[in-house]
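So that the names make sense, note that chain A is the first sequence line, chain B the second, and so on, each numbered from 1. As the structure is a prediction and not an experimental result, all values here were calculated from the model.
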There are 2 protein chains.
Amino acid sequence: MNAVNPETKKPRMERDAVATRARILNVATREFARRGFEGATTDDIADKAHVNKRMIYHYFGSKERLYLAVLEEAYATARHAEEKLKLDADDPVSALSRLAEFTFDSFARDRTFISLLNTENRNEAKVLRKSEKIRAMNSTVLKAVDTILRQGEARGVFRSGLDAFQVWVSMVSLSYFYFSNIHTLSIVGGSRLSEAEALAARRRHVVDFVLAGVRA
Amino acid sequence: MNAVNPETKKPRMERDAVATRARILNVATREFARRGFEGATTDDIADKAHVNKRMIYHYFGSKERLYLAVLEEAYATARHAEEKLKLDADDPVSALSRLAEFTFDSFARDRTFISLLNTENRNEAKVLRKSEKIRAMNSTVLKAVDTILRQGEARGVFRSGLDAFQVWVSMVSLSYFYFSNIHTLSIVGGSRLSEAEALAARRRHVVDFVLAGVRA
DNA sequence: GCATTTAATAACTATCCAGTTACTTACTTG
DNA sequence: CAAGTAAGTAACTGGATAGTTATTAAATGC
């Protein structure tokens, strides 16, 4: 028989707005990435965040606005990582290969951003389009690629006339597609592409292919 | 007051098993591609196919088995198109660029397959893995790429040691990623990537980049 | 130290949705 | 042509799911 415990009658109220909001956002990020917008449920998010479901509506207003907050945070995180990256200003070949490696490693470390982008594209980017925050975060990476390409062109190591947007899309796609489609590609390739050996082989190929694609 | 019309009392029963099944499958393909497995609903599919919902269960058994049938048909269609493609057996450069063009054009024409693959990957390919039919459809394209690479290598136009799987993944990724992420990329790029001009520019770049990536 | 605001809870509602039951009507075949 | 089977319908069920109502309790501020 338990002694009457007044703390269990009306149990813990943490009353920590910052922590509760953050816990919801973290769990929601994982759930939206795993199950997509339709697949994720507010009941599940509330349970896994150890929070009363009403709190989702208290802090975010609706499922869609919670999803928007998740997207905005994911974008901010990705941009922040990009900005921390220091590229060799004097060697376009090393700068471009470093950027390709960085892209591959970012996706290899965490596929959350890929999953969210795929969900958003299936939904025709209707939510992302609305976000002033994300539209304001204009990427510095496109300018960096342009600088690298012009420098390489001037030095005669890259071919001329390359478009920064096209090259950037190509560089990203070589890593993105591998991780985005890793399950179906593993079936076609007949082996587990998430194993260390396969990852290393793909990483080498991506860097190689990007450099070969732009060289003079 | 309407005259009593016996035809409208118990309305038309078409009783065409083949047509009804096909209508369900077509609508389901569209709905699963647009909304994903969770997003699509059997009620909606039934309505849009002008079919009683019970017929979905009559012909396919469950939502998941309907989805599997959709996947299997999409794979079969893709494989069939691949097999019809005739590549120049004597010119590896033209064969590879033709294959890159074909890949781009297939995705440009219809993004259904891309959407289904993305849905399936978000779901860890759990349904696709089960399909004996799809596992049996082993692709001829990997062998074709290998043949092209070895021929180009022997003639000194491609560099040596290239892996067919890696090159194939790269070639597909350059087109796939563009179409899969066309909505979010349009925001980054600041223009509508589905416009004819943008499509033509990407197509040129893809072919260019693939050839540059493998040349000696 | 009292009034207001903010954080938190439990229980509820209306709707949706996968799958089913019970039935009818047309086609096929012995 | 009668019996059995295949194709079709309407109405229902149980469980999930986004969002709400009503209420309580801790923090804040005057």
Side-chain angles (χ1 to χ4, degrees), chain A residues 5-32 34-71 119 123 126-127, chain B residues 5-32 34-71 119 123 126-127:
Chain A
N5 183 346
E7 281 178 18
T8 59
K9 285 176 102 173
K10 279 282 169 186
R12 36 126 201 222
M13 285 195 180
E14 286 188 28
R15 273 195 90 80
D16 186 339
V18 177
T20 303
R21 210 193 108 103
R23 224 160 55 235
I24 294 171
L25 199 60
N26 282 339
V27 172
T29 301
R30 215 180 55 209
E31 289 299 305
F32 283 131
R34 275 196 196 156
R35 326 231 181 257
F37 180 75
E38 285 87 4
T41 71
T42 53
D43 281 297
D44 227 39
I45 291 166
D47 282 359
K48 285 175 180 160
H50 305 295
V51 146
N52 189 286
K53 183 162 70 146
R54 189 68 186 77
M55 291 297 97
I56 291 176
Y57 295 88
H58 183 60
Y59 287 109
F60 297 97
S62 70
K63 186 187 182 185
E64 188 178 306
R65 292 212 305 215
L66 171 59
Y67 172 70
L68 178 60
V70 164
L71 272 184
T119 294
N123 211 38
K126 273 172 186 154
V127 173
Chain B
N5 183 346
E7 281 178 20
T8 59
K9 286 176 105 173
K10 280 281 171 186
R12 34 128 201 229
M13 286 194 181
E14 285 188 27
R15 273 195 90 80
D16 185 340
V18 176
T20 301
R21 210 194 107 104
R23 224 160 55 235
I24 294 171
L25 200 60
N26 282 340
V27 172
T29 301
R30 215 179 56 209
E31 290 299 305
F32 283 131
R34 275 194 197 159
R35 324 231 183 258
F37 180 75
E38 285 87 5
T41 70
T42 53
D43 282 296
D44 227 40
I45 292 167
D47 282 359
K48 285 174 180 161
H50 306 294
V51 146
N52 189 285
K53 185 163 66 146
R54 190 67 188 77
M55 290 297 97
I56 291 176
Y57 295 86
H58 183 60
Y59 288 110
F60 297 96
S62 70
K63 187 187 182 186
E64 189 177 306
R65 292 213 304 213
L66 171 60
Y67 172 70
L68 177 60
V70 164
L71 272 184
T119 294
N123 212 36
K126 274 172 187 155
V127 174

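- Rounding to the nearest 0.5 angstrom, the gap separating the CG atom in L25(B) from the OH atom in Y59(B) is 12.5 Å.
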Please produce a list of atom pairs where a protein N or O lies less than 3.5 Å from an N or O of nucleotides 19-22 of chain D.
unit_1: dG19(D); atom_1: OP2; unit_2: Y57(A); atom_2: OH; d: 3.2
unit_1: dG19(D); atom_1: OP2; unit_2: K63(A); atom_2: N; d: 3.0
unit_1: dG19(D); atom_1: N7; unit_2: K53(A); atom_2: NZ; d: 2.7
unit_1: dG19(D); atom_1: O6; unit_2: K53(A); atom_2: NZ; d: 2.9
unit_1: dT21(D); atom_1: O4; unit_2: R54(A); atom_2: NE; d: 3.1

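- Expressed to the nearest 0.5 Å, how far OG1 of T20(A) lies from CE of M55(A) amounts to 8.0 Å.
- Contact annotation: Y59(B) does not reach the phosphate of dA6(D) (side-chain N/O to OP1 or OP2, under 4.0 Å).
- Remark: P of dT21(C) and CE of M55(B) are 15 Å apart, rounded to the nearest angstrom.
- Residue E31(A) contributes atom CD, which lies 12 Å from atom P of dA18(D) at whole-angstrom precision.
- Shown here for F60(A) and A69(A), the closest heavy-atom pair between the two residues is CE2-CB, 3.9 Å.
- Distance CZ (R65(A)) to C1' (dA18(D)): 14 Å, rounded to an integer number of Å.
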Identify each atom pair where a protein N or O and an N or O of nucleotides 3-6 of chain C are less than 3.5 Å apart, giving names and distance.
unit_1: dT6(C); atom_1: O2; unit_2: R15(A); atom_2: NH1; d: 3.3
unit_1: dT6(C); atom_1: O2; unit_2: R15(A); atom_2: NH2; d: 2.6

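- Legend: residues meeting salt bridge (Lys or Arg N to Asp or Glu O under 4.0 Å) with R23(B), ordered by chain and number and at least two apart, are E14(B).
- For the helix from dG1(C)-dC30(D) to dG30(C)-dC1(D), the axis fitted to the five pairs at one end and the axis fitted to the five pairs at the other end meet at an angle of 10° (nearest 10 degrees).
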Hey, can you pull the donor-acceptor pairs under 3.5 Å for the side chains in residues 36-46 of chain A, sequence neighbours left out?
unit_1: E38(A); atom_1: OE1; unit_2: R122(A); atom_2: NH2; d: 2.8
unit_1: T41(A); atom_1: OG1; unit_2: D44(A); atom_2: N; d: 3.1
unit_1: D44(A); atom_1: OD2; unit_2: K48(A); atom_2: NZ; d: 3.0

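- Not counting sequence neighbours, the partners of D16(B) by the side chain to side chain contact (heavy atoms under 4.5 Å, CB included) test are V18(B), A19(B).
- Residue contacts shown for A46(B) are absent, as no nucleic acid heavy atom lies under 4.0 Å away.
- Between the CG atom of D16(B) and the P atom of dT9(D) there is a distance of 13 Å, rounded to whole Å.
- R21(B) has its CZ atom 15 Å from the P atom of dA6(D), to the nearest Å.
- Considering L66(B), V27(B), T119(B) in turn, L66(B) is the only one that fulfils the side chain to side chain contact (heavy atoms under 4.5 Å, CB included) rule with F32(B).
- A40(A) comes within contact range of the sugar-phosphate backbone alone, with a heavy-atom separation under 4.0 Å but no base atom that close.
- Between F60(B) atom CZ and dG19(C) atom C1' the separation is 16 Å, expressed in whole Å.
- One distance of note links OG1 of T29(A) with CG of L71(A); it measures 9.0 Å at 0.5 Å rounding.
- For R21(A), the salt bridge (Lys or Arg N to Asp or Glu O under 4.0 Å) criterion is met by no residue, not counting sequence neighbours.
- Under the salt bridge (Lys or Arg N to Asp or Glu O under 4.0 Å) criterion, the residue pairs touching residues 56-66 of chain B are E64(B)-K130(B), with sequence neighbours excluded.
- For the pair I45(A) CD1 and dA16(D) C1', the interatomic distance rounds to 15 Å; values are reported in whole Å.
- In this entry the distance linking CG of D44(B) with P of dC17(C) reads 7 Å, nearest Å.
- Proximity of T20(A) to the phosphate of dA7(C): no side-chain N or O atom is located under 4.0 Å from OP1 or OP2.
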